[in-house]
Number of protein chains: 2
Amino acid sequence: MKDCTIYKTMDIIGKRWTLCILLELYKGDNNEKQFNELKGMIKGITPKMLSTRLKELEEQGIIRKRVDSTALPARSFYSMTESGIDFIRIIQDIKKWALTWQFDNPKCKMSECKYCTNTVTSK
Amino acid sequence: MKDCTIYKTMDIIGKRWTLCILLELYKGDNNEKQFNELKGMIKGITPKMLSTRLKELEEQGIIRKRVDSTALPARSFYSMTESGIDFIRIIQDIKKWALTWQFDNPKCKMSECKYCTNTVTSK
DNA sequence: CAGGATCCAAAAGGATACTG
DNA sequence: CAGTATCCTTTTGGATCCTG
């Protein structure tokens, strides 16, 4: 199974919080976002998990991190890479599929993931 | 987070073995397949896990189970529902994305998931 | 043939506190 | 601000054996 592309990919993006983090990063204008900013957007996530996931995603080249050392304390800015942006369309497809076959969530139906508020409004 | 469509969907299809099982069920002609047949196709999976996943997928309406009680011992036949078949295209998109941005797997590139052998050839 | 039952190991994730 | 460190609970999954 180790060679299965699907299997390996799920090991990367099939983890808890990962898709939510990607959606939050992408949301709106795809601007850079800071650590605590993200933490505030994703209700319920602990700094440990956010840190872990961001590191994984960075290693996979799905997001990037920029550090501004001139500021004190230093600040980190996260944003999506090209491959990350390309992946958003898959997340949107998954959402469409789920809304068609699995759930009936009017709030989700009214908006694209780009502006989706359902990733952050409830715990 | 409990209301997030993406989050809920990942709880269904983001689990170990699930995507591989769907691919195996779909592979070829989308014929019905029996329990031990699937077990043989998916190297390394234990009956417990296969049973667990099949039950989950059936509850979600992604696959269906047909039991032939006239035969002894009774036999079970699994096949995909419409929503399951619709989901295959997402798996294929994930695979394409992964092959573009993440991995270089020539074996996968040569074939569609429908005939993908990489889900079963190695452990 | 199609699982269920049991036991166990490992991993994942949450809570909380702390630091440069 | 941006994380680490520590501890602990829960979940997950693997191994093995058993049964109608």
Side-chain angles (χ1 to χ4, degrees), chain A residues 1-2 4 6-8 10-21 24-25 31-60 63-79 119 122-123, chain B residues 1-2 4 6-8 10-21 24-25 31-60 63-79 119 122-123:
Chain A
M1 269 319 159
K2 280 206 316 235
C4 175
I6 291 293
Y7 199 94
K8 286 195 294 183
M10 291 311 291
D11 266 359
I12 301 171
I13 49 90
K15 294 186 176 174
R16 213 153 175 183
W17 300 111
T18 299
L19 295 194
C20 289
I21 292 171
E24 289 306 320
L25 258 182
N31 269 349
E32 290 184 324
K33 292 181 181 65
Q34 300 181 46
F35 189 88
N36 281 324
E37 193 177 352
L38 283 169
K39 193 158 77 63
M41 294 165 90
I42 306 169
K43 293 264 168 61
I45 197 169
T46 59
K48 175 188 164 187
M49 287 317 303
L50 182 55
S51 173
T52 303
R53 291 290 172 267
L54 287 174
K55 220 166 286 172
E56 289 166 1
L57 287 168
E58 194 191 354
E59 274 168 23
Q60 303 297 337
I63 69 172
R64 75 172 69 84
K65 176 183 181 177
R66 181 177 68 83
V67 179
D68 178 7
S69 322
T70 68
L72 273 177
R75 296 183 183 193
S76 302
F77 297 89
Y78 295 92
S79 59
T119 53
S122 52
K123 153 85 179 179
Chain B
M1 266 323 155
K2 279 203 319 234
C4 175
I6 291 294
Y7 199 94
K8 286 195 294 185
M10 291 312 291
D11 267 359
I12 303 170
I13 50 89
K15 294 185 176 176
R16 211 154 176 181
W17 300 112
T18 299
L19 294 194
C20 288
I21 291 170
E24 289 307 321
L25 259 182
N31 270 349
E32 289 184 324
K33 291 179 182 70
Q34 299 181 45
F35 188 89
N36 281 323
E37 192 176 354
L38 283 169
K39 194 157 78 62
M41 294 165 90
I42 306 169
K43 294 262 169 62
I45 198 168
T46 59
K48 175 188 166 190
M49 287 316 301
L50 182 56
S51 172
T52 303
R53 291 289 172 266
L54 288 173
K55 219 166 288 173
E56 290 166 359
L57 287 168
E58 194 191 353
E59 275 167 24
Q60 303 297 337
I63 69 172
R64 77 171 67 85
K65 176 183 180 176
R66 181 177 68 82
V67 179
D68 179 6
S69 321
T70 69
L72 272 178
R75 295 183 184 193
S76 303
F77 298 89
Y78 296 91
S79 58
T119 54
S122 53
K123 152 84 181 180

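Quick note on labels: first sequence line is chain A, next is B, and so on, each numbered from 1. Only heavy atoms go into these numbers, but all of them, side chains included; no hydrogens, no water, no symmetry mates.
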Peer 1: Between Ser69(B) and Ala74(B), which heavy-atom pair has the shortest distance, and what is it?
Peer 2: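 Minimum heavy-atom contact is CA-CB, 4.3 Å.
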Peer 1: For the side chain of Arg16(A), starting at C-beta, report the closest nucleotide among dG13(C), dG14(D), dA2(D).
Peer 2: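 In terms of side-chain proximity for Arg16(A), the closest of dG13(C), dG14(D), dA2(D) is dG13(C).
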Peer 1: Taking only residues two or more places apart in sequence, or in another chain, which ones meet Glu32(B) in a salt bridge (Lys or Arg N to Asp or Glu O under 4.0 Å)?
Peer 2: Arg66(B)
Peer 1: 5'-most contact on DNA chain D: Lys15(B) or Ser76(A), nearest heavy atom basis?
Peer 2: Ser76(A)
Peer 1: Could you check Phe77(A) against Gln34(A) for side-chain contact (heavy atoms from CB on, under 4.5 Å), going step by step and ending with a plain yes or no?
Peer 2: CA-CA 5 Å; Phe77(A) 297 89; Gln34(A) 300 181 46; 3.6 Å; yes
Peer 1: Taking the minimum atom-to-atom distance to the side chain of Pro73(B), which one of dA2(D), dG20(D), dA15(C) wins?
Peer 2: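 My answer, after comparing the listed nucleotides, is dG20(D).
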Peer 1: Which part of the nucleic acid, if any, lies within contact of Phe77(A), taking any heavy atom under 4.0 Å across all strands shown: a base, the sugar-phosphate backbone alone, or nothing?
Peer 2: nothing
Peer 1: Take atom CE of Met49(A) and atom C1' of dA2(D), then tell me their distance rounded to the nearest Å.
Peer 2: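 Between C1' of dA2(D) and CE of Met49(A): 17 Å.
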Peer 1: Of Asn36(B) and Arg53(A), whose closest DNA chain C nucleotide lies nearer the 5' terminus?
Peer 2: Asn36(B)
Peer 1: Please give, in whole Å, the distance from dA2(D) C1' to Glu58(A) CD?
Peer 2: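 Going from CD in Glu58(A) over to C1' in dA2(D) covers 14 Å.
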Peer 1: Between protein and nucleotides 4-6 of chain C, what N or O pairs are separated by less than 3.5 Å?
Peer 2:
residue, atom, partner, partner atom, Å
dG4(C), OP1, Lys55(B), NZ, 3.3
dG4(C), OP2, Ser51(B), OG, 2.7
dG4(C), OP2, Lys55(B), NZ, 2.9

Peer 1: Output the rounded distance in Å from NZ (Lys39(B)) to P (dA15(D)).
Peer 2: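 One finds 12 Å between P of dA15(D) and NZ of Lys39(B), rounded.
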Peer 1: Give a yes/no on whether any side-chain N or O of Tyr78(B) is located under 4.0 angstrom from OP1 or OP2 of dG3(C).
Peer 2: yes
Peer 1: What integer distance in Å separates Asp11(A):CG from dG13(D):P?
Peer 2: 11 Å
Peer 1: For the helix from dC1(C)-dG20(D) to dG20(C)-dC1(D), what is the angle between the axes at its two ends, each from 5 pairs, rounded to 10°?
Peer 2: 50°
Peer 1: I need the CE-P distance between Met10(A) and dT12(D), as an integer number of Å.
Peer 2: 14 Å
Peer 1: Separation of Leu38(B) atom CG from dA2(C) atom C1', in whole Å?
Peer 2: 12 Å
Peer 1: Just to confirm, is there a sub-4.0 Å distance from OP1 or OP2 of dA2(D) to any side-chain nitrogen or oxygen of Gln34(A)?
Peer 2: yes
Peer 1: What's the verdict on side-chain contact (heavy atoms from CB on, under 4.5 Å) for Glu24(A) and Glu37(A), showing C-alpha distance, side-chain angles and the deciding distance?
Peer 2: CA-CA 10 Å; Glu24(A) 289 306 320; Glu37(A) 193 177 352; over 6 Å; no
Peer 1: Measuring from the side chain of Phe35(B) (C-beta onward, heavy atoms only), which nucleotide among dA2(D), dC1(C), dG3(C) has the closest atom?
Peer 2: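 Looking only at side-chain atoms, Phe35(B) lies closest to dG3(C).
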Peer 1: Checking the side chain of Lys65(A) only, and the main-chain atoms of Ile63(A) only, is there a donor and an acceptor separated by less than 3.5 Å?
Peer 2: no
Peer 1: Name all residues meeting the side chain to side chain donor-acceptor pair (under 3.5 Å) criterion together with Asn36(B); count only those two or more places apart in sequence or in a different chain, and write none if there are none.
Peer 2: none
Peer 1: For Asp11(B), check side chain to side chain donor-acceptor pair (under 3.5 Å) against everything at least two apart and list the hits.
Peer 2: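 If we apply the side chain to side chain donor-acceptor pair (under 3.5 Å) test to Asp11(B), skipping adjacent residues, there are no hits.
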Peer 1: What is the separation between atom CD on Glu32(B) and atom C1' on dA2(C), rounded to the nearest whole Å?
Peer 2: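 Roughly 15 Å, once rounded to whole Å.
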Peer 1: Considering every strand and a 4.0 Å limit on heavy-atom distances, what is the contact class for Ala71(B): base, sugar-phosphate, or nothing?
Peer 2: nothing
Peer 1: Cut-off 3.5 Å, no hydrogens considered: what does the side-chain donor-acceptor table look like for residues 50-57 of chain A, sequence neighbours left out?
Peer 2:
residue, atom, partner, partner atom, Å
Thr52(A), OG1, Lys48(A), O, 2.7
Arg53(A), NE, Arg16(A), O, 2.7
Arg53(A), NH1, Glu56(A), OE1, 3.2
Arg53(A), NH1, Glu56(A), OE2, 3.1

Peer 1: Identify, with sequence neighbours excluded, every residue that meets side chain to side chain donor-acceptor pair (under 3.5 Å) alongside Thr70(B).
Peer 2: Asp68(B)
Peer 1: Could you pull out all residues at least two apart from Ser79(A) that satisfy side chain to side chain donor-acceptor pair (under 3.5 Å)?
Peer 2: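 Side chain to side chain donor-acceptor pair (under 3.5 Å) list for Ser79(A), sorted by chain: Arg64(A).
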Peer 1: I need the CE-C1' distance between Met41(B) and dC1(C), as an integer number of Å.
Peer 2: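 Distance, rounded to whole Å: 17 Å.
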